[in-house]
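Labels below follow one simple rule: chain letters A, B, ... track the order of the sequence lines, proteins then strands, and each chain is numbered from 1.
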Amino acid sequence: MPELGWTQIFTAMAWQFLPVWLGMLATFAVSVAFKRRLGLYGKLYDSPVGMIGFGMVLFWVLTAIFAGQIITHDPLTQLSGMKNALPGLPVRDAKDGIYPYYLLGGDHLARDVFSRVVMGARSVLSIAPAATTFAFIMGITLGLPAGYFGGRLDTALSFLANLVLAFPVILLFYLLVTPEIQQTGTEIPLPFTDATWRSSIPNVLAAVLFIFPVIFVTVLLNSRFFTNPRQRNLYVGATLVIGLWAYAGLAFNADPLGVWSMDPNLLNVFVSVVFVNAPTVFRIVRGIVMDIKSRDYVAAGQTRGEGPWYIMLWEILPNARGPLIVDFCLRIGYTTILLGTLGFFGLGVSPESPDWGSTINAGRKLLSSFPHPAVVPALALMSLVLGLNLLADGLREESLKD
Amino acid sequence: MLRFLLRRLATMLLTALCLTFVVFYLTNLPPNLEKIAKSEAGTRISDADVESWLHKHGYDQPVLLRYGEWLGVVPGWTREIDGATTGRCIARGQDAASAPSFCGVMQGEWGFSNVFKEPVSKIVATRLGLTGWLMLCVMLVMVPMSLLIGILAGMREGSRTDRVLSTMSIATTATPEYVSGVLFITIFASSVTGLKWFKGTATSAMDDITFQNFFLPVMTIALYGVGYIARMTRASMTEVMTAQYIRTARLKGVRFRDVVLRHALRNALIAPFTVIMLQFPWLLNGVVIVETLFNYKGFGWTLVQAAGNNDIELLLGCSVVAVVVVLVTQLISDLGYAWLNPRIRVR
């Protein structure tokens with residue numbers, strides 16, 4: 001079989017991405033049709049920059065969702081004779097049912113670069129947004145009282161935040177994301193189950209970080225429905241049951257039903273990324289709260305006799321949403337870069353993982369002769385982060401117009 | 001001003017102590033020490049041998065005490081083994097009586113690297129020198145470039161120039177060093193495009209810096225920072241350009257070029273100054289990535305080697321330098337901002 005030219009390669013790739021194009025078309029059609037009713041998201045379609053950014057992000061999100069249909073080969077299978085294969089090379093003595101080409105070539109272990117990049121999108125997009133969300137919830141839960149009450153609490157929390165921020169990120173990663181660190185601490189038997197929990201540093205950090213969403217939602221609902229005990233008990237009770245169930249599974253790996261669990265390596269990476277991001281969010285939230293708390297509607301709430309948590313969560317937080325949404329988009333991009341850095345230094349989830357940072361790390365050794373295994377994930381990472389940054393820029397522009 | 005300075009210095013010192021303790025604690029975790037014992041005394045030694053090795057080398061004391069010894073505020077340990085006295089501060093073959101009782105970072109004793117077989121202070125000094133050249137070139141490229149882009153973009157907000165330059169800045173902030181480095185090497189140094197204008201490694205730059213071997217690493221680091229500083233400069237410039245005194249100058253009939261150069265520029269550059277100073281910690285990140293990618297054996301490369309090979313003393317030395325650099329630049333940025341900006345000048 002002849003080699004494919006670049007035009008044929010791009011046509012073949014465009015065909016593989018068909019579910020993504022259909023998904024994007026549907027999303028854009030529906031959104032443009034109803035854009036006046038969709039609030040800030042609808043206004044995004046008035047800004048060309050924001051729309052391009054959203055398109056790029058949507059492309060990768062849909063790629064991550066449909067990755068199973070898009071890939072041409074299994075991302076871990078090695079085919080003989082395809083080591084460092086150039087883009088468009090036909091697979092040697094292809095059997096039936098195997099895609100006959102390596103569209104973007106093969107890497108140093110003769111795996112398909114195209115399929116690995118597509119699967120990499122799934123692995124990156126399943127960690128980055130979740131880690132950013134956790135960092136935001138932690139930053140908000142601590143930043144609101146620090147900005148609102150001020151005083152000693154603020155001094156102590158700000159000192160801690162500055163401490164983490166003064167830490168060189170790479171050093172922190174090297175210290176926190178090592179296999180040895182999982183062997184620290186002692187085994188502690190858990191009540192109600194026969195499992196044990198090791199008090200290693202990442203596990204302890206996870207136990208601290210993962211409780212914040214439960215606290216956040218509980219306080220959020222409690223302060224809102226405080227005056228209606230029946231409704232309050234229902235909502236808070238449901239939150240506590242589901243939250244603590246997930247908490248037991250994720251942080252202690254002790255979910256009795258086995259629904260929630262997290263791989264120790266993944267937990268390690270996840271916790272350190274959240275840990276690096278949370279202090280910046282804390283500082284942003286604290287700054288916004290200090291600005292907003294002198295507004296009239298806050299004073300009105302205080303005069304009505306509302307509790308401090310109600311004012312923080314239901315008066316101040318909704319009014320701080322603009323800058324926070326913009327920063328959320330930027331921060332997902334930054335988290336993606338951080339995850340890539342981790343992979344680049346070989347500290348990723350696992351050496352075989354197709355995530356973009358690890359792939360760049362594996363490909364950089366042969367960069368001057370066979371650059372394609374490293375260039376393809378590099379371009380993928382760049383386009384995702386660029387899309388997120390443009391989206392944030394568009395959102396900022398549109399939210400400032402009000 | 002003096003009280004402000006003293007308070008800042010006290011906070012800085014406390015931060016430095018906390019950070020170095022965290023690094024000390026994390027590098028001296030029991031599994032790491034066990035690994036050292038096994039690499040020094042043989043991989044197949046029993047657990048009891050590990051224990052006795054750790055005891056002999058003073059690793060079995062409480063971590064806080066050892067941190068004090070490392071810092072140089074607690075007297076170093078001594079051990080009586082087989083009649084001979086060994087200790088932290090006693091060099092091999094030295095008489096125990098003549099050895100100093102304190103030997104820590106404060107006394108200039110930074111320890112000995114297991115991997116490079118050299119004193120840590122010597123390694124850190126040479127490697128920092130190499131990285132210094134890299135940093136200097138990055139600053140010389142990055143600061144003028146980003147200020148120019150920011151000022152040109154912010155001069156006329158919303159113009160075509162502004163849109164193009166702003167989008168470019170966004171694009172550079174989306175390109176981390178490991179992406180731009182890979183792309184640069186592929187385009188300018190690989191056999192695929194055949195350009196081969198520059199070299200894909202900077203190893204030869206350690207002895208002799210040339211344009212060919214140093215351009216790509218410098219551009220790789222500078223590119224990621226340019227976008228951020230340019231955006232800050234642009235924001236500050238657009239704010240200044242809408243101020244009353246600029247309008248007055250324009251209405252007086254001053255030429256646009258003179259308004260920008262004489263009236264706007266000085267006030268617009270206060271905010272970017274802080275940002276540039278705060279870029280140093282980020283540059284450190286970039287330096288580590290670029291030195292690894294281009295195989296330039298400077299400070300960042302040493303840090304990676306130390307961390308990857310469990311070289312505790314060297315890693316601690318590197319961390320002290322990194323932490324001090326970060327804190328000092330934060331202090332300079334705070335003081336400089338307070339000094340430059342008359343509105344918040346601290347009394």
Exercise. Are side-chain heavy atoms of Leu293(B) and Phe344(A) found at a separation under 4.5 Å?
Worked result: yes
For this session: Taking the side chain as every heavy atom from C-beta outward, state whether Ile289(B) and Phe345(A) have any atom pair closer than 4.5 Å.
Result: yes
For this session: Write down the atom of Leu183(B), the atom of Met382(A), and the distance for their closest heavy-atom approach.
Result: CD1-SD, 4.1 Å
Exercise. Non-hydrogen atoms of chain B under 4.5 Å away: do they reach the side chain of Asp393(A), the backbone, both or neither?
Worked result: side chain
Exercise. Of the backbone (N, CA, C, O) and the side chain (C-beta and beyond), which part of Tyr334(A) lies under 4.5 Å from a heavy atom of chain B, both, or neither?
Worked result: side chain
Exercise. Within a strict 4.5 Å, meaning less than it, do heavy atoms of the Phe167(A) and Ser319(B) side chains meet?
Worked result: no
Problem set entry | Closest approach of Leu163(A) to Leu19(B) (non-hydrogen atoms, all atoms of both residues) | O-CD2, 3.4 Å
For this session: Count the heavy atoms of every other residue, nucleotide or ligand shown that sit under 6.0 Å from CZ of Phe188(B), and state whether that count exceeds 12.
Result: yes
Problem set entry | Residue Ile170(B) versus chain A: region with a heavy atom under 4.5 Å | both
Exercise. Checking Ile360(A) against chain B: side chain, backbone, both or neither under 4.5 Å from a heavy atom?
Worked result: side chain
Exercise. How many angstroms lie between CD1 in Ile170(A) and OG1 in Thr292(B), if you round to the nearest 0.5 Å?
Worked result: 7.0 Å
Exercise. Looking at CD1 of Ile185(B) and CG of Leu367(A), how far apart are the two atoms once the value is rounded to the nearest 0.5 Å?
Worked result: 5.0 Å
For this session: For atom CZ of Arg66(B), decide whether the heavy atoms of other residues, nucleotides or ligands shown that lie under 6.0 angstrom number more than 12.
Result: yes
Problem set entry | Side chains of Thr186(B) and His372(A) in contact at under 4.5 Å (non-hydrogen atoms) | no
Seminar exercise, completed: Under 4.5 Å to a heavy atom of chain B? For Ser383(A) that would be neither
Problem set entry | Between Leu327(B), Thr201(B), Val304(B), the one whose heavy-atom pairs under 4.5 Å with chain A are most numerous | Val304(B)
Exercise. Within a strict 4.5 Å, meaning less than it, do heavy atoms of the Asn162(A) and Thr15(B) side chains meet?
Worked result: no
Exercise. For Gly308(B) and Tyr174(A), which heavy atoms make the closest approach, and how far apart are they?
Worked result: N-CE2, 4.4 Å
Seminar exercise, completed: Tightest non-hydrogen contact, residues Val326(B) and Ala166(A), listed as CG1-O, 3.5 Å
Exercise. With a 4.5 Å heavy-atom cut-off, do Leu171(A) and Leu315(B) have their side chains touching?
Worked result: yes
Exercise. What are the two closest heavy atoms between Ile337(A) and Thr173(B), and how far apart are they?
Worked result: CD1-O, 4.1 Å
Exercise. If you take all heavy atoms of Ala378(A) and Val179(B), which pair is closest and at what distance?
Worked result: O-CG1, 3.6 Å
For this session: Test Thr341(A) against Glu177(B) for side chain to side chain contact (heavy atoms under 4.5 Å, CB included), laying out the working first.
Result: CA-CA 9 Å; Thr341(A) 313; Glu177(B) 292 89 353; over 6 Å; no
For this session: Pick one of side chain, backbone, both or neither for Ile201(A), based on which atoms fall under 4.5 Å of a heavy atom in chain B.
Result: side chain
For this session: Check whether more than 12 heavy atoms from other residues, nucleotides or ligands sit under 6.0 Å from atom NZ of Lys365(A), and answer yes or no.
Result: yes
For this session: Under 4.5 Å, counting heavy-atom pairs only, tell me which of Asn310(B), Val23(B), Thr11(B) racks up the most with chain A.
Result: Val23(B)
Exercise. Between the side chain of Tyr178(B) and the main-chain N/O of Gly343(A), is any donor-acceptor distance below 3.5 Å?
Worked result: no
